[in-house]
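This structure is a prediction, so every number in the text was calculated from the model and none was measured. The basis for the numbers below is simple: all heavy atoms, side chains too, and nothing from hydrogens, waters or symmetry mates.
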Amino acid sequence: MTAPRTALLPHPRAAEVLPAPTASRRPWATALRALVCGAAMAGPAITLATGSSPPPLIHFTVLANLLVAVAFGWSAVRAWRGAPPLRPRLTGGVLLLAAITGLMHHLVLVNYADTPAPGTGWPLAATVLLHTVAPSAVAADWLLLTAPRTLRLAHIPLWLTAPAAYLGLALTRGALLSSGAPDRYPYPFLDVDTYGYAGTLTQALALGLLFTALATLITAVDHIRPNVAGWIQHRRNRISPPAAGGLK
């Protein structure tokens, strides 16, 4: 008996498999996200260099800016390599932290009489970078360089773990310090000496509900905002010259 015809066909070799197309780099996104990373790093760096009270690394603002710097630094690297963007569950959390940082400073903390004035020179520069420049840059990146309709309500519990963890850190640090220690609590509304644990946790719960509402608003806006990133990509593709060999 003769072998089936299919057995006589040559087997495909691994070397003949076509490689996956290489994703193109995104230089504009790389540059802009590197600038955001630099702005988010500059504020904490100036704060650490000039000193502040309480210690800089117990400030929610400083920690949030450091997280922004890490996320945008890695996002810039991925854009330069042509890799996919970071997952929305991560970028949405970073956006929420940046929004909390800016809004809490400009709408809440400035109204407390005990909040120190930013001063002039380097302290003022650090305040502007931490509370205005970095949050605004994160919002601009979201509106201009990310695709809409990617955030989900299911992401919100994950996003809120960072503020909840910070609350635990601040209260644990305050409990470990001796009573009457200066700058025992980094923010007035977390001062257990003044409000007691019941009052402090009540205020923290109210803030948590506001943060949840803010996260819900961000998610809703994400589903109705225009696709600016797609429009920019479309325009760039239209004005790009054809690839070599594309014309015969």
Side-chain angles (χ1 to χ4, degrees), residues 25-110 115-148 150-151 159 162-163 165-166 186-187 211 214-215 217-218 221-222 225 228-229 232:
R25 291 176 174 175
R26 303 185 295 278
W28 281 106
T30 301
L32 292 175
R33 286 170 180 168
L35 288 174
V36 177
C37 175
M41 279 294 296
I46 295 172
T47 304
L48 288 168
T50 57
S52 68
S53 181
L57 291 181
I58 196 59
H59 284 282
F60 179 87
T61 299
V62 172
L63 295 175
N65 271 261
L66 290 176
L67 289 176
V68 168
V70 171
F72 273 79
W74 181 233
S75 186
V77 171
R78 293 175 69 85
W80 179 250
R81 292 177 176 175
L86 296 178
R87 294 181 180 274
R89 67 171 65 97
L90 298 178
T91 57
V94 171
L95 174 62
L96 178 62
L97 288 178
I100 291 173
T101 298
L103 294 176
M104 283 293 292
H105 174 78
H106 291 288
L107 300 180
V108 178
L109 292 175
V110 294
T115 301
T120 58
W122 289 114
L124 177 60
T127 297
V128 173
L129 285 168
L130 289 167
H131 302 105
T132 304
V133 174
S136 299
V138 173
D141 176 88
W142 170 57
L143 293 172
L144 300 177
L145 296 180
T146 64
T150 58
L151 304 182
W159 299 345
Y166 177 78
Y187 295 102
F211 297 163
L214 177 60
L217 177 61
I218 290 173
V221 171
D222 183 66
R225 66 187 176 97
V228 179
I232 294 175

- Query: Can any side-chain N or O of Tyr166 pair as donor or acceptor with the backbone N or O of Leu63 at less than 3.5 Å?
  - Reply: no
- May I ask you to decide if Ala83's main-chain N or O and Arg26's side chain share a donor-acceptor pair within less than 3.5 Å? yes
Measure the spacing between [atom1] of [X] and [atom2] of [Y] and express it to the nearest 0.5 Å.
X      : Y      : atom1 : atom2 : value
Leu95  : Thr146 : CG    : OG1   : 8.5 Å
Thr30  : Leu145 : OG1   : CG    : 10.0 Å
Leu57  : Leu66  : CG    : CG    : 7.0 Å
Trp28  : Leu144 : CH2   : CG    : 12.5 Å
Leu130 : Thr47  : CG    : OG1   : 4.5 Å
Cys37  : Leu32  : SG    : CG    : 13.0 Å

Just wondering, do [Y] and [X] contact through their side chains at under 4.5 Å, heavy atoms?
X      : Y      : answer
Val138 : Phe72  : yes
Arg78  : Pro85  : no
Leu143 : Val228 : no

If I compare all heavy atoms of [X] with all of [Y], which pair ends up nearest, and what's the gap?
X      : Y      : value
Leu86  : Ala71  : CD1-O, 3.6 Å
Val62  : Pro44  : CG1-CB, 3.9 Å
Arg25  : Arg81  : CG-C, 4.4 Å
Leu151 : Gly92  : CD2-CA, 4.0 Å
Ala147 : Ala229 : N-CB, 4.5 Å
Ala215 : Trp159 : CB-CE3, 3.9 Å

- Task: Could you please spell out the steps behind the side-chain contact (heavy atoms from CB on, under 4.5 Å) verdict for Thr127 and His105?
- Result: CA-CA 10 Å; Thr127 297; His105 174 78; 4.1 Å; yes
- Item | Sequence-distant partners of Thr132, side chain to side chain donor-acceptor pair (under 3.5 Å), two or more places apart | His106
- For Asp222, check side chain to side chain donor-acceptor pair (under 3.5 Å) against everything at least two apart and list the hits. Trp142, Arg225
- Task: Could I get the full list of side chain to side chain contact (heavy atoms under 4.5 Å, CB included) partners for Leu90, not counting sequence neighbours?
- Result: none
- Query: Tell me, which pairs form a salt bridge (charged side-chain N to carboxylate O under 4.0 Å, His left out) where one or both residues lie in residues 137-147, sequence neighbours left out?
  - Reply: Arg33-Asp141
- Task: Name all pairs fulfilling the salt bridge (charged side-chain N to carboxylate O under 4.0 Å, His left out) condition that reach into residues 122-139, sequence neighbours left out, sorted by first residue then second.
- Result: none
- Using 30° and 60° as the class limits, which term best fits the ring planes of Tyr187 and His59: parallel, tilted or perpendicular? perpendicular
- With sequence neighbours excluded, give me every side-chain hydrogen bond (donor to acceptor under 3.5 Å, both in side chains) pair touching residues 83-98. none
- Query: Is the count of non-hydrogen atoms from other residues, nucleotides or ligands lying under 6.0 Å from Met41 atom CE greater than 12?
  - Reply: no
- Full working for side-chain contact (heavy atoms from CB on, under 4.5 Å) between Ile218 and Leu96: CA-CA 8 Å; Ile218 290 173; Leu96 178 62; 4.2 Å; yes
